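What follows is a single structure, written as structure tokens, with notes after it.
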Amino acid sequence: MSKLDFLHEEIKNLKESGLYNHIRTISGPQGAWFVVDGKKVLNLCSNNYLGFANMPELKEAAKKAIDEYGVGPGAVRTISGTQDIHVALEKKLAEFKHAPACIVVQAGFTANTVVIPTITGAGDVIFSDELNHASIIDGCRLSKATVVRYAHNDVADLRAKIIENKDKARRMLIITDGVFSMDGDIAPLPDICDVADEFGAMVMVDDAHGEGVLGDSGRGIVNHFKLEGRVEVEVGTLSKAFGVMGGYVTGEEILIEYLKQRGRPFLFSTGLTPADTAAAIAAVDVLLESDTLVRKLWDNAAYFRAGLQKVGFQTGKTETPITPVMLGDEKVTGEFSKRLYEEGIFASGITYPTVPRGKARIRCMLSAAHEKSDLDYAIEKFEAVGKALGVIK
Ligand SMILES: *Cc1c(COP(=O)(O)O)cnc(C)c1O
């Protein structure tokens, strides 16, 4: 008997309901190809949009920072853990995002818990897209504000929910993902900003899958829609297109100053390591210098999508390099992903409850690290498996 025996029951339930995560182990760096559980496969499921995770410029910057600053920052940012490279990264990100100021924290997930409960509280109402990321949901749970969910990307529903709640709200905050990671669709941010202005609500966008991807040189969704100055809070991650680790918030000076006084994960958890910080600076420098990789990412995505559609696959409503191959059936999707792996392709099957029942898919993440020959290989294997399983003719 152990006091933890109840967890055996929980794990058994997860396995029986198909919700148990089998975690694969990767050897070596992220790239177009990588080694998964000892087998070399084409990587179609990382968020390494620009190939930065193993880029020489970033690795050199990280090594140099270790020599210059050591491996750890030594304390939380507010005591003695703010190094000059943290300040330099914040300045660089603000410049990149065309925003007045920036605060860098440990992760994108953390960034949402730094900002949401800090700027909202009892008496406020948060309007949150029903498909928002888990870290937004947790950020909302940490707030004493009332949370009202609106239908996905449905500005008419958002407006109706605001009208329903506005009289009892001290302040209102609308929160949306910029790019939704399961379908690759983009939030209707211009219309959201219009509704926000109509009722005096603040707007916050989490651009984790948009930065490095959308906008001029990958500046993200706000730049993409030319909404600079109309979105109060922008959240970002350094772990997807930027290829490293960390998160950030950009916005007006007063917002960032307040988060540095009151954001609990900033106050009570040590900041980024010198190596991460320097690598992130190098990532922004690469983007400030040239948009070659961003263009290659989009070229690859268009090429891959066209290739899949030509052999008969449906690629859903994506507007970004996230490419869902819609299969519908949960079982078929599981089998499809298994056969792809046998054929040397690693692409994740996404099923209920991550997406609704009957909307199962293989989600392919494109990258500037891919070459056309890699994508030809993938299209050929998708076609073969699709025909074998009767998904396409
Ligand atoms: C991935 C993701 C995060 C978390 O970012 P990390 O830096 O990995 O913690 C937050 N928000 C959204 C929308 C994401 O897609």
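Remember, it's 1-based here, ligands and their atoms both numbered in the order they're listed. Source: prediction; values computed, not measured. The residues of the chain are indexed from 1 along the displayed sequence.
- Residue pairs that meet the ring pair (Phe, Tyr, Trp, His ring centres under 6.0 Å) test with at least one member in residues 110-140, sequence neighbours left out, do not exist here.
- R77 and T82 are linked by a side-chain donor-acceptor pair at a separation below 3.5 angstrom, with hydrogens and angles left out of the test.
- The backbone N or O of G31 lies less than 3.5 Å from no partner atom in the side chain of N54, so there is not a single donor-acceptor pair.
- Pairs of residues two or more places apart, or lying in two chains, that qualify as ring pair (Phe, Tyr, Trp, His ring centres under 6.0 Å) and include a residue from residues 153-194 are H152-F180.
- By the side chain to side chain donor-acceptor pair (under 3.5 Å) test, T120 pairs with S143, sequence neighbours left out.
- K97 and N223 share no donor-acceptor pair across their side chains, judged by distance under 3.5 Å alone.
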Output block, N or O contacts of ligand 1, threshold 3.5 Å exclusive:
{"residue": "ligand 1", "atom": "7 (O)", "partner": "G108", "partner atom": "N", "Å": "2.7"}
{"residue": "ligand 1", "atom": "7 (O)", "partner": "T237", "partner atom": "OG1", "Å": "2.6"}
{"residue": "ligand 1", "atom": "7 (O)", "partner": "S239", "partner atom": "OG", "Å": "3.0"}
{"residue": "ligand 1", "atom": "8 (O)", "partner": "S239", "partner atom": "OG", "Å": "3.2"}
{"residue": "ligand 1", "atom": "9 (O)", "partner": "G108", "partner atom": "N", "Å": "3.2"}
{"residue": "ligand 1", "atom": "9 (O)", "partner": "F109", "partner atom": "N", "Å": "2.9"}
{"residue": "ligand 1", "atom": "11 (N)", "partner": "H133", "partner atom": "ND1", "Å": "3.4"}
{"residue": "ligand 1", "atom": "11 (N)", "partner": "D206", "partner atom": "OD2", "Å": "2.6"}
{"residue": "ligand 1", "atom": "15 (O)", "partner": "H209", "partner atom": "NE2", "Å": "3.4"}
{"residue": "ligand 1", "atom": "15 (O)", "partner": "K240", "partner atom": "NZ", "Å": "2.7"}

